[in-house]
Amino acid sequence: MTNRERCQARIVRGSDAPCSRLVVSLGRPVGQNFQTTMTLIALVRPTQPNAGKAMKKIASFLFAAAAVSLATPASAQFAKPEDAIKYRKNALFVMQQNFARLGAMAAGKASFDAKVAAESAAVAEFMSKLPWAAFGEGTDKGDTRAKPEIWKESVKFKEYADKMQSEMSKLAAASKTGNLDDIKTAVSATGGSCKTCHDAYRKD
Ligand code: HEC
């Protein structure tokens with residue numbers, strides 16, 4: 001068993017035992033626009049109050065991601081509508097957890113750590129590509145806060161999703177430079193792009 005497997009096994013069992021670094025190798029492309037094989041390093045801090053929950057979410061996201069192949073069209077990627085809903089919610093959750101770390105630093109609520117900022121932004125940028133393939137037909141009902149308008153206004157919905165991804169990429173670029181002022185500007189623009197879509201397409 002590699003360290004990674006041991007770490008994942010602990011997460012799957014729901015244990016909160018120290019497992020501070022989860023290195024996820026995705027051996028094949030996931031997400032519609034992601035053509036390169038890559039290694040995603042998700043940093044989960046066991047000291048955070050939500051670490052156990054976050055780890056479980058990441059673990060379930062990973063199994064969903066591993067089951068997805070680019071060879072199949074987006075609409076056929078999920079065996080059941082519930083799977084698609086779970087996949088997008090988990091992807092959004094993991095993205096938000098990483099984005100929130102930058103938000104806290106930008107607001108002065110957490111001390112600025114350039115390394116954590118760059119790593120969190122890279123994970124958030126990667127995650128920002130994933131939810132959208134899981135908004136296929138038939139996924140409007142169930143355990144979801146998605147408004148039915150999404151499927152009537154799919155062009156606008158995609159526009160908002162693209163806008164957020166492009167703001168998130170700018171945030172990742174700013175985080176690489178380590179300039180806190182640039183990070184603040186990008187956090188605010190990215191946050192605005194989340195809100196625009198939530199106001200229109202997410203139920204309270
Ligand atoms: C294009 C539209 C859109 C954009 C942009 C968007 N979201 Fe969302 N978000 C949604 C919808 C729709 C849901 C409800 C999903 C569901 O319940 O199936 C959602 C749900 C969520 C959830 C709840 C997931 C869960 O566990 O139920 C979080 C957290 C979230 N979004 C964070 C963000 C953050 C942070 C951003 C910006 C960085 C963002 N979203 C940008 C549409 C969007």
Side-chain angles (χ1 to χ4, degrees), residues 31-33 42 44 48-65 68 74-75 77-107 109-110 117-175 183-204:
Q32 278 186 308
N33 306 316
V44 180
Q48 287 178 350
N50 269 338
K53 197 178 164 212
M55 284 179 188
K56 273 177 235 163
K57 286 255 187 185
I58 290 176
S60 62
F61 164 75
L62 283 179
F63 291 122
V68 172
S75 58
Q77 279 178 354
F78 303 96
K80 295 175 287 186
E82 303 92 276
D83 292 348
I85 291 170
K86 202 192 288 179
Y87 178 98
R88 72 195 182 209
K89 283 165 51 171
N90 286 344
L92 287 158
F93 177 81
V94 175
M95 175 182 72
Q96 184 268 333
Q97 291 288 297
N98 284 276
F99 177 63
R101 261 178 232 147
L102 289 142
M105 289 184 209
K109 289 183 186 148
E119 285 167 349
S120 302
V123 175
E125 184 191 19
F126 179 86
M127 300 310 297
S128 75
K129 301 171 197 297
L130 302 186
W132 319 116
F135 282 91
E137 291 295 327
T139 64
D140 54 336
K141 289 188 187 69
D143 184 13
T144 176
R145 287 160 71 196
K147 284 192 183 167
E149 283 78 11
I150 291 172
W151 290 271
K152 288 185 206 118
E153 299 162 17
S154 55
V155 174
K156 200 164 154 207
F157 184 73
K158 183 176 184 307
E159 216 172 86
Y160 287 173
D162 289 348
K163 170 78 174 154
M164 186 275 278
Q165 288 169 81
S166 103
E167 297 298 353
M168 194 67 97
S169 294
K170 286 186 212 160
L171 175 59
S175 300
I183 293 173
K184 283 182 186 170
T185 307
V187 162
S188 155
T190 308
S193 71
C194 311
K195 188 173 184 309
T196 304
C197 188
H198 290 162
D199 287 351
Y201 295 118
R202 187 174 76 169
K203 289 177 205 161
D204 291 335

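None of the values given here were measured: they were computed from a predicted structure. Each ligand, and each atom within it, is numbered from 1 in the order the structure gives. For reference, positions follow the sequence shown, starting with 1.
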Side chain to side chain, Leu102 and Ile183, heavy atoms closer than 4.5 Å:
yes
For residues 150-160, which residue pairs qualify under salt bridge (Lys or Arg N to Asp or Glu O under 4.0 Å), counting only residues two or more places apart or in two chains?
Lys158-Asp162
With Pro81, which residues qualify under side-chain contact (heavy atoms from CB on, under 4.5 Å), at least two apart?
Thr139
Only counting residues at least two apart or in another chain, list the ones meeting side-chain contact (heavy atoms from CB on, under 4.5 Å) with Ala189.
Glu167
When you pair each N or O of ligand 1 with protein N or O atoms, which pairs come out under 3.5 Å?
residue, atom, partner, partner atom, Å
ligand 1, 7 (N), His198, NE2, 2.8
ligand 1, 9 (N), His198, NE2, 3.0
ligand 1, 17 (O), Thr144, OG1, 3.2
ligand 1, 17 (O), Arg145, N, 2.8
ligand 1, 18 (O), Arg88, NE, 2.8
ligand 1, 18 (O), Arg88, NH2, 3.1
ligand 1, 18 (O), Thr144, OG1, 2.6
ligand 1, 31 (N), His198, NE2, 3.0
ligand 1, 40 (N), His198, NE2, 2.8

Closest heavy-atom pair and its distance - Cys197, Tyr160:
CA-CD1, 3.8 Å
Distance-only, no hydrogens or angles: does the Trp151 side chain make a donor-acceptor pair with backbone N or O of Lys147 under 3.5 Å?
no
